[in-house]
Amino acid sequence: MPELPEVEHARLCLVRWTKGRTIAAALVMDARVVHGGAAAGLPARLAGRRITGLRRRGKWLEVTLDAGPRFYSHLGMTGKWVSRPVDAPAERFEKARLELVRGKVRTSVRYVDPRVLGRMRLEEAEPAFWRKLGPDPLHDGVDPRALGERLARTPRSIKEALMDQALLAGVGNILATEALFAARLDPRTRADSLDARTVKALARAIEATIARSLALETGPEITYVSEARAENPFSVYGRGGEPCPRCKAPLRRVVQGGRATVFCATCQRPRV
DNA sequence: AACGGAACCTGAAAGC
DNA sequence: TGCTTTCAGGTTCCGT
C-alpha cells in the first residue's frame, strides 16, 4: 500500500498519537507481523518505554524510544496504524497494539494489516536494512547529479531502477509510474541511457509527484486508493486502457519486474 | 553480481 | 447466486 507519502502521513499521525507517551502494554495478536523472532519478547521489551519521536526513511518508520531496543515498522502493502479509545473493540485484521499512558490519559494505537506483508522489528543497533536505504526524496531532496550517477550504473529499465530502495528510498509503483508520466519519460528506457537533462527533469518530476501525493493525505488516518469510496486521484496509475490525460491516446499497461506499469506510448518518450 | 520468478498473505473485484 | 480467476501501492529468497 503505502509509499513515501502515505508513510510520511502515517508518521505525522503517529507523532500526534504517541509522542511523549509511555507504552503501558504492547500486544501481539499475530506473531507473523513481528520479524526477527522477536514476537514473543516484544511486549516485555516495549513495556515501560517512553516514545520520544518518529523517524521515517523511505517506507520504513522508526518509533524512537527513551531506552531499550530500536523499534521499526514497515507497512508492507496493506498495513496501517490507527488510534482508538482503549476500550474500543478490536479492529478487523488487527495484528498488534500499543496501549499508551500519559498521566491519567490512556490511549491505544493499533496495527491493522489484512495481508500481513508489513512487519515490525526490534533491533539493538542501527540495522543493515535501514543503512542500505538510499537518500529519502522528501527529506534530502532528489539530487540530479547523484541520481544520474546511480542510474548510469544499471542497465535496468528506468521504472525498475526508480523502485530500487537503495537508489532512492520510498519510491514505489505508484510514484514511479506517476513521476515518469509527469516527466514524459518512457518507463521502458534503459536507466543508463538517460542524458543529464532527462535525469534533471525526472528528479524534478519525482519531487513534484511526492509533493502532490502528500497534499492528498489530509485525513486523520491513512487511506488507500483501493478502499471504498476513494476515487483514483492519479494521472495514469490504475488507468490502463483509459485515454491519456494529455494526448487522449489509450494508456498502455505493461509488466516490468513483476509490477504493472501504465504509461502513454505517445507522449512518454525515451528522452525528455 | 545480477536477473526473473516465486513466495509470503488475504480481500475485493471481475469474469463466467 | 456462486465459483474461479485476477489483481493489489512491498520485500525477500531461491535458483540460474
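Order of the sequence lines fixes the chain letters, A, B, ..., with proteins taken first and strands second; residue numbering starts at 1 for each chain. Just so it is clear, the model here is predicted, and its values are computed rather than measured.
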Discussion item. Can you confirm whether the side chains of A/W81 and A/S73 place a donor and an acceptor under 3.5 Å from each other?
Written reply: yes
Worksheet entry | Euclidean distance, atom CZ of residue A/R239 to atom C1' of C/dA8 [Å, nearest integer] | 16 Å
Worksheet entry | Length of the line joining A/Q256:CD and C/dC7:P, which is rounded to integer Å | 16 Å
Worksheet item: Less than 4.0 Å between a side-chain N and a carboxylate O, is that true for A/R197 and A/D195?
Response: no
Practice prompt. Treating a pair as Watson-Crick (purine N1 to pyrimidine N3 plus N6-O4 or O6-N4) or G-U wobble (N1-O2 and O6-N3) with both distances under 3.5 Å, list the stems of 3 or more consecutive pairs that involve DNA chain C.
Written response: B:2-8 with C:10-16, B:10-16 with C:2-8
Discussion item. Please report the distance separating the P of C/dC7 from the corresponding atom of B/dG5, rounded so that it comes out in whole Å.
Written reply: 15 Å
Worksheet item: How many Å lie between CZ on A/R32 and C1' on C/dT12, as a whole number?
Response: 17 Å
Item to complete: Identify whether any heavy atom of A/F93 sits under 4.0 Å from a base atom; if not, whether one sits that close to sugar-phosphate; answer base, sugar-phosphate or nothing.
Response: sugar-phosphate
Worksheet item: When all nucleic acid strands are considered with a 4.0 Å heavy-atom cut-off, which category describes A/G172: base, sugar-phosphate, or nothing?
Response: sugar-phosphate
Discussion item. Does a side-chain N or O of A/H74 approach OP1 or OP2 of C/dG10 to a distance below 4.0 Å, or not?
Written reply: no
Worksheet item: What interatomic distance, in whole Å, is found between P of C/dT12 and the corresponding atom of B/dG11?
Response: 24 Å
Discussion item. Would you measure the distance from the P atom in B/dC9 across to the matching atom in C/dC3 and give it in whole Å?
Written reply: 26 Å
Fill in: Nucleotide B/dA13, atom C1' - distance to CG of A/N232 in whole Å
15 Å
Worksheet item: Heavy atoms under 4.0 Å, any strand shown: does A/R92 hit a base, just sugar-phosphate, or nothing?
Response: sugar-phosphate
Acceptor/donor pairs from residues 244-262 of chain A side chains to any protein atom, 3.5 angstrom cut, sequence neighbours excluded:
residue	atom	partner	partner atom	Å
A/R246	NH1	A/F181	O	3.0
A/R246	NH2	A/F181	O	3.1
A/Q256	OE1	A/T261	OG1	2.7
A/Q256	NE2	A/S157	OG	3.3
A/Q256	NE2	A/P187	O	3.1
A/T261	OG1	A/K159	NZ	2.8

Practice prompt. Please work out which residues in residues 111-124 of chain A have a non-hydrogen atom less than 4.0 Å from an atom of DNA chain C and list them by number.
Written response: A/R115, A/L117, A/R119
Practice prompt. Figure out the CZ/P separation between A/R259 and B/dG5, and round it to whole Å.
Written response: 15 Å
Worksheet entry | Short side-chain N/O contact to C/dA8 OP1/OP2 from A/R253, under 4.0 Å | yes
